[in-house]
Each structure stands twice: as structure tokens, then as C-alpha cells.
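Read through the structure below, which is laid out as C-alpha cells, and then see the notes.
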Amino acid sequence: MASVRRCHVGTRKGLFTIARGASGWSVSRVSFLGDNCTLAVHDPRNDSLLATLNHGHFGVKLHRSHDGGATWAEIGAPMYPPMPEGYVPKMTFSGKPIDWTLRLIWALEPGGSDRPGVLWCGTMPGGLFKSEDGGHSWVLNRSLWDDPLREQWSGGGAEYPGLHSICVNPRDSDDIVIGVSTGGAWTTRDGGRSWRIGGNGMRAEYMPPELQYEPNAQDAHLVVQCATAPDTLWVQHHNGIFRSTDRAASWGEIADVHPSAFGFAVAVHPRDPDTAWFVPAVKDEKRYPADGRVVVNRTRDGGKTFETLANGLPQEHAYDLVYRHALDIDDSGEVLAFGSTTGSLWVSENAGDSWQTVSLNLPPIHCVRFERAG
Amino acid sequence: MPTLRFTDNIQRHVECPTREVEGARVREVLDAYFHTNTRARSYVLDDQGRLREHMSIFINGEQLRDRTHLTDPVPADGVVDVIQALSGG
């Protein structure tokens with residue numbers, strides 16, 4: 001086996017850490033049991049863990065551990081600045097104002113190996129925050145928030161727009177691509193001082209005809225980059241799968257994907273930009289695995305062809321849906337894990353050829369994140 | 001001075017013992033309390049200083065009316081309860 005790093009699984013009822021033992025993967029630690037852990041991330045620069053909790057009544061909180069999850073301390077959560085006097089926020093589809101208040105932390109990423117202490121945080125209702133002190137304090141990125149196009153973002157499956165993807169270029173920490181549902185993909189080349197909407201190519205079939213190719217109207221469910229070839233980005237979109245080989249300057253649609261091009265999650269091989277994995281579901285108004293069979297789709301040729309992988313996965317009356325942050329690949333490119341809304345968790349140690357069941361009884365799973373090399 | 005009490009459910013996140021604090025309006029009472037218990041503020045109020053969506057406040061058993069500016073008056077011997085707005089079954 002190529003990797004023995006741990007993996008952290010955020011669920012509706014706590015954070016579960018899984019580790020490889022002699023007989024396979026199993027839960028080795030539970031943190032925040034009973035609390036809604038919406039996201040977890042490992043920061044390889046200082047070997048710390050970050051976890052976000054959504055307490056509902058008490059709001060969204062951020063915690064950090066420096067001992068692998070044995071103990072946690074609450075750190076600062078992003079806060080929106082006071083809404084200007086007289087400002088009238090735009091309304092969502094459902095008629096609710098896009099408020100200046102933190103509703104969910106939906107992305108959390110270290111800011112690059114040459115930027116110790118820098119963290120980026122994406123939120124609902126769509127703000128991007130930056131911390132330069134490891135998460136103790138946060139500042140809203142105003143150039144993005146104040147862009148008039150930002151006010152055109154809308155909620156996808158949720159009431160408010162959500163910034164769910166942050167891809168910091170490993171070669172240049174000022175070069176960042178973000179993904180928004182719905183708001184497409186955006187890029188900065190100067191560390192967030194200025195932003196540009198990504199190029200053409202994504203398509204939203206469900207929009208009115210004149211808006212179907214509008215970059216800012218795209219419901220990108222997740223944007224990921226190849227770690228060693230970051231010009232290649234993959235998007236699992238509400239309407240299908242898209243790929244860019246020029247770092248979001250343009251996008252190409254991947255056609256003829258079976259059993260479905262719909263889904264939320266995508267993972268890309270860290271060294272082979274043409275290899276990516278998806279967890280398909282019946283498209284949008286249904287959202288369950290086709291024929292009740294849980295499968296993973298893998299392409300090794302940039303999306304020209306796909307293999308449908310099912311070895312070890314339930315193939316009868318299985319209705320597991322996999323959310324956007326609930327599929328991950330480790331640094332080796334061989335070990336993958338994904339978890340579902342019905343609390344099933346699987347790991348593969350051979351790039352998806354076969355899968356081991358870690359549990360079928362966890363709480364609904366929001367995210368799955370491997371620890372990274374330093 | 002008014003007395004400020006917090007729901008038991010908040011205590012496992014941030015300790016909020018009952019205290020007497022100065023203030024003639026709910027905003028003033030909360031500000032006085034959070035001045036010495038800064039972590040508790042974000043558990044009760046949102047980014048804009050409003051009462052969180054699913055929280056509720058009672059003043060001598062009467063539900064708070066102004067959830068945005070928290071201007072409801074508090075008698076000098078009043079009791080202010082900060083609770084979760086539970087609903088459903």
C-alpha cells in the first residue's frame with residue numbers, strides 16, 4: 001500500500017478519523033460527537049487539523065488541533081463586516097436577502113507552502129475570507145465581495161450562493177481558482193486583489209437559452225486542480241462534467257458519461273491530470289445512484305472514456321448520495337475514500353479498482369479529507 | 001441591576017454563568033455581559049449584531065420584540081433569559 005496517512009470524515013454528528021491498521025481501515029478517533037461537523041482539513045505546513053462546526057442555534061464555529069485531533073481549541077470564525085447604512089441586499093431566487101452574515105463555512109484551504117499562517121475560507125452566502133494568522137482572525141476579500149457580478153450569484157440546492165472550492169496553485173500562491181454554486185469559476189493572479197470570472201465553455205441546460213453559457217450562471221458543484229499540473233482543472237457541474245487545461249480560461253464539456261454525468265464530487269490524480277474520479281447519480285431532481293447501484297466513474301484519458309468501478313460497492317438497493325466534499329484522494333494517487341448521505345464510507349487502495357467498506361452506519365457524511373504530506 | 005441568565009445548552013460550548021449587569025435595554029445588558037465574556041457574543045449574536053435566527057430572549061417572561069437592534073427596555077430589577085428558540089416535536 002502506498003500511503004498510511006489518516007483520513008478525517010466530517011459528519012452530521014461529529015468528526016470521525018479513520019486510520020489503516022493491519023486488517024484494513026477503521027475509525028480510530030471520534031471528535032465533537034453529536035455536533036454537526038461540516039468540514040475538516042489537514043494543514044501540512046504545521047501538521048494541524050481544522051474543523052468547522054455548524055451549531056445551528058449558536059452559529060458556525062472553527063476549531064483547530066495541533067495533536068492530531070486529541071484536543072481542540074476554538075479559533076476565530078469569519079465575520080462579515082457591518083452592512084453599509086442604506087445598503088439593500090439582492091434577493092435570492094426564494095426572495096430572501098443575501099445577508100452579510102456567515103451561514104456556512106464551505107471551503108477551507110491552506111494558502112500555500114510559502115505563506116505560513118495563510119488560510120482561505122469560502123462561505124455561504126458567498127464570501128471569501130483570508131486569515132494571515134492561522135485562523136485567529138479573518139478578513140473578507142472585498143474585491144470579490146464588492147464585484148457587481150457577485151450579487152448575481154444565487155443559491156443552487158441551498159438558499160444562498162456558496163463558495164465551495166479554493167484551488168491555490170502549488171507553483172504560485174497568488175494564483176487561485178475558486179468555485180461557486182452558482183457563480184461558476186473565478187480566478188485571481190494577484191492573491192485576491194483582483195478577480196476575473198472564468199472563461200466560456202461550461203453549460204447550464206436548465207437555464208433560459210440566453211443564459212446557458214453565461215460563465216457567472218454556472219452551477220459548478222466542485223472545482224479541483226491537479227497538484228502537479230495545476231493548469232488542468234476538473235469540474236463536477238450540475239449539468240455534467242467539464243475540464244479546463246488552461247487554468248479556467250476555457251472549459252470543455254465531457255460527453256457520453258454513463259450511468260450519469262450528474263453528481264457532486266470529483267477527485268483528480270495528484271500527478272496525472274488526465275485521471276479523475278466521479279460518483280455519478282441520477283440527475284438533478286432525483287439524486288440517487290442509478291439502479292440503486294453505488295459506482296465510481298474513473299477516466300484515465302482526460303474524459304474520452306470512463307470505467308465504471310463497482311468492486312466492493314453495494315449493487316442492490318443502495319441509495320447513497322455523495323456530496324461534493326465527500327470524495328478524496330491521497331498524495332500517492334492510489335488511496336481514495338468516499339462517504340455518503342446514508343453514512344456509508346468506503347476506501348480503495350488501488351485507485352478505485354476495488355473498495356473496502358469502513359462503515360455503513362456513520363451519520364450522514366459531509367466531507368472526507370486525507371492528511372497531506374508536508 | 002438586571003439579571004442575565006443563559007440556556008443550559010450553551011454552557012458546554014462557552015461558560016455563561018448568571019450575572020447581574022448594568023443596562024436599561026437588552027443591547028446594553030448583553031454588551032455589558034459580553035465585555036467580560038467575549039467568546040459568548042458570537043454564540044448569541046450574528047455578524048451584524050442581531051439576535052441569532054434561532055435564539056430567543058425573554059425579559060421578565062416577555063419575548064423580545066426588536067431582534068435587530070435589541071432596544072427592548074429592561075427594568076432595573078428585570079430578569080433577561082437567553083434561550084434557544086426550540087420548535088417542532
Side-chain angles (χ1 to χ4, degrees), chain A residues 13-14 31-37 51-64 72-89 96-105 121 123-129 135-140 142 145 158-160, chain B residues 4-19 25-31 33-59 63-72 80-89:
Chain A
K13 296 292 177 185
S31 305
F32 309 112
L33 186 60
D35 290 329
N36 187 12
C37 178
T52 68
L53 303 179
N54 184 356
H55 288 307
H57 295 85
F58 300 126
V60 173
K61 311 298 177 198
L62 189 54
H63 293 252
R64 185 170 58 196
W72 294 86
E74 185 177 341
I75 57 175
M79 287 180 68
Y80 285 77
M83 195 153 47
E85 201 71 35
Y87 175 81
V88 180
K96 292 193 172 181
I98 299 178
D99 219 352
W100 292 36
T101 194
L102 178 64
R103 295 196 175 267
L104 189 67
I105 291 177
C121 176
T123 70
M124 279 187 189
L128 177 71
F129 288 82
H136 287 288
S137 62
W138 296 89
V139 175
L140 177 66
R142 292 303 295 256
W145 184 251
E159 281 187 312
Y160 302 95
Chain B
L4 184 56
R5 304 187 297 205
F6 288 82
T7 170
D8 286 347
N9 291 324
I10 203 172
Q11 308 294 340
R12 74 182 180 92
H13 301 294
V14 52
E15 201 176 334
C16 293
T18 298
R19 277 182 51 205
R25 299 192 180 274
V26 170
R27 171 76 68 195
E28 295 165 10
V29 169
L30 290 179
D31 280 348
Y33 191 94
F34 296 146
H35 183 69
T36 56
N37 189 346
T38 52
R39 260 189 75 216
R41 177 183 291 274
S42 77
Y43 283 77
V44 177
L45 306 179
D46 71 11
D47 318 39
Q48 303 299 315
R50 301 166 297 203
L51 185 62
R52 283 198 174 279
E53 211 167 17
H54 300 294
M55 296 294 287
S56 191
I57 288 178
F58 287 81
I59 307 108
Q63 190 164 353
L64 176 83
R65 289 165 186 259
D66 180 2
R67 299 177 59 90
T68 301
H69 302 294
L70 313 177
T71 55
D72 293 41
V80 177
D81 283 298
V82 178
I83 67 164
Q84 291 166 287
L86 299 180
S87 60

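Just so it is clear: chains get the letters A, B, ... in the order the sequence lines come, proteins before strands, and each one is counted from 1.
The side-chain contact (heavy atoms from CB on, under 4.5 Å) test applied to A:His136 returns A:Arg64, A:Ile75, A:Asp133, not counting sequence neighbours. Judged as a ring-ring contact (aromatic ring centres under 6.0 Å, His included), and not counting sequence neighbours, the contacts of A:Trp72 are A:Phe32.
Contacts between B:Gln84 and chain A at a heavy-atom distance below 4.5 Å involve backbone atoms as well as side-chain atoms. Both the backbone and the side chain of B:Ile10 come within contact range of chain A, with heavy atoms under 4.5 Å apart.
Atom CZ of A:Arg142 has more than 12 heavy atoms from other residues, nucleotides or ligands within 6.0 Å.
Note on B:Asp46 versus B:Arg52: no salt bridge recorded, every NZ/NE/NH1/NH2 to OD/OE distance being 4.0 Å or above.
Top candidate by heavy-atom pairs under 4.5 Å with chain A, chosen from B:His54, B:Arg39, B:His13, is B:His13.
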